[in-house]
Amino acid sequence: MNKTRNVTITTDKENLLKTIYAESACLLLTDTSVQQPDYLCDDNRQLLEAELHNALLRLAAEIAPAIDEEAFDPSDAELRLPLRLPEKAAPATRIRLLTERYLCDAVLADCYRHSRYGSHFEQTMRRDLSALRLATSGISGGIVPSWS
C-alpha cells in the first residue's frame with residue numbers, strides 16, 4: 001500500500017514580491033542597453049498579486065496529481081497549495097522553496113515576455129516546474145537535482 005502525507009504549502013506574498021522587485025532592480029542595474037527593462041516596484045503591486053495568483057493556479061494544473069483536490073480552493077486569495085504527497089516525496093520545506101521560486105519566475109516571465117529577458121525567466125520557470133514535479137512525485141525518492 002502506498003502511504004501518502006498531506007502537506008499545505010503556504011508562501012509569503014510579501015517575500016515573493018520583494019524577490020520580484022529585487023530581480024527587476026538587478027535587470028535595471030546590470031542592463032547597459034539604451035532601452036532598459038521596466039522596473040517593477042510597489043506601484044505594480046495589484047498587478048503582481050494577480051500574476052502571483054494566476055501563477056499558483058497554473059502550477060496547480062501542472063502538478064495536478066499531487067494536489068489535494070478536497071482542500072484546494074482556487075478562489076482563495078492566499079497563496080496556499082494543499083498537496084497529497086507520496087511518502088518518498090521531497091520534504092515540505094524543499095517543495096515550498098521550489099514553489100516560491102516557480103511563482104517568482106512565472107511572474108517575471110509574464111512581466112518581461114516582450115523583452116529579451118522573457119525567455120530567460122521562461123526557461124527558469126520550466127526548470128523550476130521540472131524540479132517540482134520530481135519533488136512531489138516521489139519517484140526520485142525525494143532527491144531533486146542540484147540545479148533546482
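Hydrogens, waters and symmetry mates play no part in the numbers below; they use all other heavy atoms, side chains included.
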Item to complete: Using the side chain to side chain contact (heavy atoms under 4.5 Å, CB included) rule, take Cys104 and Leu52 through it: C-alpha gap first, then chi angles, then the decisive distance, then the call.
Response: CA-CA 8 Å; Cys104 289; Leu52 281 168; 5.5 Å; no
Worksheet entry | Working for side-chain hydrogen bond (donor to acceptor under 3.5 Å, both in side chains), residues Ser24 and Tyr112 | CA-CA 9 Å; Ser24 177; Tyr112 290 111; 2.7 Å; yes
Worksheet item: Step by step, would you call Phe72 with Leu57 a side chain to side chain contact (heavy atoms under 4.5 Å, CB included)?
Response: CA-CA 10 Å; Phe72 183 63; Leu57 294 178; 3.9 Å; yes
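For the pair Pro86 and Ser137, the tightest heavy-atom approach, listed with the atom from each and the gap, is CG-O, 3.0 Å.
A 4.5 Å side-chain heavy-atom check between Ile63 and Leu129 finds at least one atom pair inside the cut-off. Residues Leu85 and Thr4 are not in side-chain contact: their nearest non-hydrogen atoms beyond the backbone lie 4.5 Å or more apart. Using a 4.5 Å cut-off on side-chain heavy atoms (C-beta onward), Leu48 and Cys111 make contact. Residues Ile95 and Val7 fail the side-chain proximity criterion, which asks for heavy atoms closer than 4.5 Å.
The salt bridge (Lys or Arg N to Asp or Glu O under 4.0 Å) pairs that include a residue from residues 70-79 are Asp76-Arg80, where partners are two or more places apart or lie in different chains. Evaluation of the salt bridge (Lys or Arg N to Asp or Glu O under 4.0 Å) test over residues 47-68, restricted to residues two or more places apart or in two chains, returns Arg45-Glu49, Arg58-Asp110, Glu62-Arg133, Asp68-Arg84.
Residue Leu27 holds its CG atom at 9.0 Å from CZ of Arg116, rounded to the nearest 0.5 Å. Atom CG of Leu103 and atom CG of Leu81 lie 8.5 Å apart (nearest 0.5 Å). How far CG of Leu79 is from NE2 of His53: 8.0 Å, rounded to the nearest 0.5 Å. Distance check, rounded to the nearest 0.5 Å: CG of Asp43 to OH of Tyr21 gives 8.5 Å. Here the straight-line distance linking atom CD of Gln123 with atom CG of Asp105 works out to 11.0 Å at 0.5 Å rounding. Atom CG of Leu132 sits about 4.5 Å away from atom CG of Leu98, to the nearest 0.5 Å.
Under a 4.0 Å N-O distance rule, the pair Lys18/Glu14 does not qualify as a salt bridge.
In terms of the side-chain hydrogen bond (donor to acceptor under 3.5 Å, both in side chains) criterion, Glu23 has no residue partners (sequence neighbours excluded).
Side-chain atoms of Arg113 never come within 3.5 Å of backbone atoms of Glu122 as a donor-acceptor pair (strictly under, hydrogens ignored). The backbone N or O of Lys13 lies less than 3.5 Å from no partner atom in the side chain of Thr11, so there is not a single donor-acceptor pair.
Note on Tyr102 and Leu16: same hydrophobic cluster, where clusters join Ile, Leu, Val, Met, Phe, Trp and Tyr whose side-chain heavy atoms are under 4.5 Å apart, directly or indirectly. By the rule that hydrophobic residues join a cluster once side-chain heavy atoms approach within less than 4.5 Å of another member, Ile9 and Leu17 end up as members of one cluster.
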